[in-house]
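Contents: one structure, followed by commentary.
Below, chain A is the first sequence line, B the second, and so on; all start at residue 1.
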2 protein chains.
Amino acid sequence: MEFETLHTTRSVQLLRSFWNVQKNVMRIIQRTAADNGLSVPQYTILTAMILHKELTQKNLGEKTFFAKSTLSQSVDALVREGLLHRQPVEDNRREIQLSITEKGKKLLKTIHEQEDGIHMAFGEAVQDLEDDQFHNLLKTHLHIAQHLEEKE
Amino acid sequence: MEFETLHTTRSVQLLRSFWNVQKNVMRIIQRTAADNGLSVPQYTILTAMILHKELTQKNLGEKTFFAKSTLSQSVDALVREGLLHRQPVEDNRREIQLSITEKGKKLLKTIHEQEDGIHMAFGEAVQDLEDDQFHNLLKTHLHIAQHLEEKE
DNA sequence: TATGAATTGTTCTAAAATGAACAGTTAATA
DNA sequence: TATTAACTGTTCATTTTAGAACAATTCATA
């Protein structure tokens with residue numbers, strides 16, 4: 001039980017630690033997205049698409065965890081804005097292949113460079129980190145993320 | 001410019017790294033909150049209140065970054081459920097002092113112990129971490145969070 | 001291959017979250 | 001002290017997000 005309490009305490013500390021970063025990330029992303037006429041899911045979808053090149057809507061859902069109705073509506077809006085390309089999958093009339101357009105890439109690049117955006121903020125924070133501190137952080141995050149993924 | 005690109009790249013890596021944890025945290029918290037009849041802000045408010053004992057609604061806003069209309073409504077619902085105590089501040093008829101009730105504490109304790117909840121998940125992930133790995137993580141998070149806080 | 005089950009995405013309705021206008025209170029300063 | 005400005009919280013209208021029912025397609029297997 002001593003053991004239990006110890007770990008519970010550490011898990012609470014860890015959760016709070018993530019939360020303190022996370023709430024700031026959300027605050028800044030929400031503002032950045034809104035400033036550029038996007039909702040948070042829309043912005044997230046764009047960043048996922050630039051990373052993965054091509055995804056079906058289903059795969060996009062697995063990566064982002066948004067409800068499929070949210071995805072459907074967000075994707076639809078992005079396509080209407082010409083930021084996303086949507087084309088049927090060969091030999092499959094149910095799934096839909098998504099990819100980012102040039103206009104989408106350009107918008108993300110602009111956002112990326114914005115003074116008060118999340119990238120600039122992280123860029124400053126990251127400058128103070130030692131190389132091994134940085135790599136340990138990524139490694140530990142990966143470990144934790146993998147653990148959380150397993151939960152359903 | 002070489003320099004710039006390097007840091008930009010690291011900041012993107014870092015952002016993705018946080019996002020991969022964050023999206024899982026949100027997914028699990030959303031489910032846990034819903035299972036216990038709470039919205040995400042409501043759950044977040046309870047956890048903030050258990051940490052800070054007493055807060056005015058204004059202070060709560062500074063800690064959580066929720067819109068004040070969201071706070072007002074969430075707090076109201078929590079008070080109606082008997083999870084939060086709301087009393088006027090002495091010598092100030094504008095501000096309102098908030099504190100968590102016994103019922104609120106009890107609910108959080110229950111949630112805390114739930115099998116598929118965020119605490120248990122973090123508890124498992126944290127077991128594999130070395131002491132110094134854990135402390136370095138907290139330290140680095142703190143550094144990053146402080147940096148982000150400065151952005152407005 | 002025919003039939004029922006599972007999958008993928010959309011639509012509609014309801015809930016959650018926000019911004020803006022507002023009311024009441026306190027603070028600043030003339 | 002009177003008057004204006006700033007602050008704290010609420011309310012209302014709107015936008016955003018999610019859940020549930022649905023349509024269309026594909027898969028499993030009899």
If only side-chain N and O atoms count, and only distance matters, is there a donor-acceptor pair under 3.5 Å linking [Y] with [X]?
X	Y	result
Asn20(B)	His141(A)	no
Asn59(B)	Thr56(B)	yes
Gln133(A)	Asn136(B)	no

Open item on the list: Is there a side-chain contact between Gln42(B) and the phosphate of dA16(C), meaning an N or O under 4.0 Å from OP1 or OP2?
Closed with: no

Open item on the list: Less than 4.0 angstrom between a side-chain N/O of Ser69(B) and OP1 or OP2 of dT10(D), yes or no?
Closed with: no

Task: 5′-ward residue of the pair Asp91(B)/Thr70(A) relative to DNA chain C - done: Thr70(A)

Task: Closest-nucleotide 5' rank along DNA chain C - winner of Ile96(A) and Leu71(B) - done: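 Closest to the 5' end, via its nearest nucleotide, is Ile96(A).
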
Open item on the list: With hydrogens left out and only the distance checked, is there a donor-acceptor pair under 3.5 Å joining Arg94(B)'s side chain and the base of dT25(C)?
Closed with: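 In this structure, the two groups form a donor-acceptor pair.
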
- [ ] Would you kindly compare Val40(A) and Lys68(A) by the position of their nearest DNA chain D nucleotide and give the one closer to the 5′ end?
- [x] Val40(A)

Open item on the list: Both Asn92(A) and Phe66(A) contact DNA chain D. Taking the nearest nucleotide for each, which residue is further toward the 5' end?
Closed with: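 By nearest-heavy-atom nucleotide position, the 5'-most residue is Phe66(A).
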
Task: Atom pair distance, as rounded to whole Å: CG in Leu84(B) and P in dG9(D) - done: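 Atom CG in Leu84(B) sits about 13 Å away from atom P in dG9(D).
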
TODO: Could you tell me whether Gln30(B) contacts a base, only the sugar-phosphate backbone, or nothing, with contacts defined as non-hydrogen atoms closer than 4.0 Å?
DONE: sugar-phosphate

